[in-house]
Amino acid sequence: MAKRVAGALAAGALLTGCGAQAAPTGSGEPAVSTTSPSPSPTGFAALAPCELLTPVERSTVGLTSAGTDKTIGAGRACDWTETGTFGLTITLDGTAALSDLQVDKGTGTKLTVGAHQAVKVADKSAADGTCAMLLAAGEKASVQIDVSNSDFHDTALACQRAQTVARFVEPKLP
């Protein structure tokens, strides 16, 4: 009997050392874990930038490969490059609402994409082949979609691509 109790105490000590709490000796009940799994992120925090475009959506805008995860400031981002054609970056910023973002006068146009407020940013006078779509994604969250043509020409094409991507991303936002 003494060996049985010592064995039960040793097993209980092992379980307790691993974050589980052993049932009292002699209770006849199995040991119960008191650790709980970490909660899964939800809403904006659950979004993965590289997963915001499906393979069909990527193909529609001219992307032939999966993107690369990166960090830009405090934002989580995904970057795609079509060598000799254009680049696309989607950045999720969980610290700045659309209204917090600074847009130069004369380059921003307010609009709505689906159910979300947005701002299209392009300097048509510079004709530099770049365009950005900024989407509201919550009280303190926004999404930035940047398109840059490799030859730095055709701002209208860059904006067309950015707006297409915005239409694909918008329904996935909280």
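As the structure is a prediction and not an experimental result, all values here were calculated from the model.
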Q) Between Arg58 and Gly67, is there a donor-acceptor pair closer than 3.5 Å when you use the side chain of the first and the backbone of the second? A) no

Q. What's the spacing between Ile72 CD1 and Asp93 CG if we round to 0.5 Å?
A. 10.5 Å

(Q) Regarding Lys172 and Glu57, does a basic nitrogen lie under 4.0 Å from an acidic carboxylate oxygen? (A) yes

**Q.** Minimum side-chain heavy-atom gap Leu88-Leu53 below 4.5 Å
**A.** yes

Q: Look at the side chain of His116 and the backbone N and O of Gly138, then say whether any donor-acceptor pair between them is shorter than 3.5 Å.
A: no

Q) Between CD1 of Ile90 and CD of Glu51, what distance do you get to the nearest 0.5 Å? A) 11.5 Å

Q) Okay, side chain of His153, backbone of Asp151: is any donor-acceptor separation there less than 3.5 Å? A) yes

Q) Rounded to the nearest 0.5 Å, how far apart are CG of Leu157 and CD of Gln160? A) 6.0 Å

Q: Indicate yes or no: does Asp100 engage Lys140 in a salt bridge with an N to O separation below 4.0 Å.
A: yes

Q | Test item: Thr155 side-chain N/O and Asp128 main-chain N/O as donor-acceptor pair under 3.5 Å | A | yes

Q. Under the 3.5 angstrom rule, does the side chain of Thr60 hit a backbone N or O of Val56 as a donor-acceptor pair?
A. yes

(Q) Please check this pair: side chain of Ser142 against backbone of Ala96, looking for a donor-acceptor N/O pair closer than 3.5 Å. (A) yes

Q) Val165 and Phe44: same hydrophobic cluster, using ILVMFWY side-chain contacts below 4.5 Å? A) yes

Q.
Testing Lys110, Gln144, Met133 one by one against Val119 for a side-chain contact (heavy atoms from CB on, under 4.5 Å), which residue passes?
A. Lys110

Q) Below 4.5 Å, heavy atoms only, C-beta onward: do Thr130 and Val121 meet side chain to side chain? A) no

